[in-house]
Each structure stands twice: as structure tokens, then as C-alpha cells.
Amino acid sequence: MPAPIRSPKLFERGVPPLALAFVLCSALFTGAAACGDGSAAQQAAAYIAVPTPTPTTPAERQKVARARFVADAGLAAGAVHEWIVKPWKAGTFKKGAQGRRTALAKAGLAGTFAHDRLRAAVRNARGDPGLARALAPLGPGVDGLQDLPSRLSKGDESAAASYAALVDKVKAAAKNAGVTVRSQLPSAAQLARG
């Protein structure tokens, strides 16, 4: 008959089986790590150091700029529509409305996110000559959104109208340049990053 795996003498001395298993596993993993041919940090650095492909021709750069513009403008439009325009039209921003504080907090966060994404969209549009010409007049309007998130948080309903109007202008200018912007609802993580 084979010998039992657990030694009764160890357990008689008060060593719990889980502690013994932990010590043995730790020794095994420490030995395995020491036998490796490089540290995990060195291996990760070698993996990260691989160059990423970048667009090299003007046509490729223009295509990337256009795609980034569409993504940024779509995220801004989705945030504005979901957390600013819908509550504004529903009357949630009015004094005494149920859920007003929560709606205003979300609107302020969405306003900050939309301002950031619209600035990025205008920056990306500079890589496409048609988009750059179409969005050039809207640059000062996007920069003017800087104080609107705080106005939204305080309950200023004209700020919601300003956001809605600017997003519509960006979509129209993009459409005139041959680019369609569809609203995309940002994730909670994207919204929190601002």
C-alpha cells in the first residue's frame, strides 16, 4: 500500500494542511521563476518595443485622420444626445424636477467629455484637407464650449441648447465634406476619462 501524502507527524504538531501547501507551492514557483532566461519585465519590454505600423503615404494619413475624426465626433454626438439633449427636452433640468441633481451631474460629465472629443475631432480633421476647410469656422465654437460643463452642472438650460447646436453644425460640416458622422454612445470608462 502506498504511503499517505500527508504526514501525520506534521499535523500532530499543529501545522495546518493549507499552510503546508502554500509553502510548497511558493517554493515551486520561486524555483521556476529563478530558472527563467530573463525577467518578466525584460520579456514584456521586448514585446512592447515592437514598432507599430504608421501610415506613410499622404492618402493613408488622410484616411486615418478621417477615421479618427468620425470616431471622436460620433462619441461626442452620442454623449451630448444621451446625457444633455434628452434630459433637456424631457424637462429634467428644470427646478423641482425629479432626478434633477443626477441629470445635471451626468450632463456636466458628458459636457466635459464632448468638449474633449470635439477638440480632438477638429484636431484630427486637419489631416484631411476637405474636412479642415469645412470645420475651420467651427473651431472657435468648440473652444467656446469650455465653460459650458460648469454651466450645465448649475442648471443653465441654454448650455444644453449650445451643445446641441454645435454638434449639429459639426455633423452638417462633415456631411458637406463627404463624411457621415453617426452618434455613438460612449462607455462609462470613456466618459469617466473625459
Side-chain angles (χ1 to χ4, degrees), residues 50-94 97 100 102-194:
V50 174
T52 57
T54 57
T56 55
T57 66
E60 287 175 343
R61 284 192 292 270
Q62 183 175 345
K63 189 175 179 180
V64 168
R66 188 175 280 221
R68 286 181 178 169
F69 166 80
V70 168
D72 287 333
L75 287 170
V80 166
H81 178 73
E82 184 68 25
W83 291 294
I84 296 175
V85 173
K86 280 170 80 174
W88 171 53
K89 288 185 177 179
T92 311
F93 294 156
K94 295 187 185 294
R100 180 175 187 255
T102 304
L104 289 175
K106 286 180 182 178
L109 187 60
T112 302
F113 175 80
H115 176 247
D116 181 59
R117 291 298 87 208
L118 286 173
R119 281 184 29 216
V122 169
R123 212 174 28 249
N124 288 325
R126 293 181 191 143
D128 183 288
L131 276 173
R133 280 191 300 277
L135 290 174
L138 299 178
V142 170
D143 292 337
L145 291 177
Q146 190 169 1
D147 65 328
L148 289 184
S150 63
R151 286 177 42 200
L152 270 173
S153 297
K154 294 175 186 171
D156 185 359
E157 292 188 36
S158 66
S162 299
Y163 269 110
L166 188 64
V167 166
D168 289 341
K169 287 178 184 177
V170 168
K171 283 183 165 184
K175 190 171 185 176
N176 288 340
V179 178
T180 303
V181 175
R182 291 184 182 87
S183 296
Q184 300 174 8
L185 196 60
S187 69
Q190 288 173 319
L191 197 61
R193 273 183 279 162

For the [atom1] atom of [X] and the [atom2] atom of [Y], what is their distance to the nearest 0.5 Å?
X: Phe69; Y: Arg117; atom1: CZ; atom2: CZ; result: 12.5 Å
X: Arg68; Y: Asp72; atom1: CZ; atom2: CG; result: 9.0 Å
X: Asn176; Y: Leu135; atom1: CG; atom2: CG; result: 10.0 Å
X: His115; Y: Leu148; atom1: NE2; atom2: CG; result: 8.5 Å
X: Leu166; Y: Leu118; atom1: CG; atom2: CG; result: 6.0 Å
X: Leu185; Y: Trp83; atom1: CG; atom2: CH2; result: 4.5 Å

Once salt bridge (Lys or Arg N to Asp or Glu O under 4.0 Å) is applied, what residue pairs with a partner in [range] remain, sequence neighbours excluded?
range: residues 80-91; value: Glu82-Lys86
range: residues 171-190; value: none
range: residues 131-140; value: none

Task: Any Val170 side-chain heavy atom under 4.5 Å of Leu138 side chain - done: yes

Open item on the list: Please check this pair: side chain of Arg100 against backbone of Phe93, looking for a donor-acceptor N/O pair closer than 3.5 Å.
Closed with: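 Yes.
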
Open item on the list: Looking at every heavy atom in both Leu131 and Ala177, which two are closest together, and how far apart are they?
Closed with: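 Closest approach of Leu131 to Ala177: CD2-CB, 4.0 Å.
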
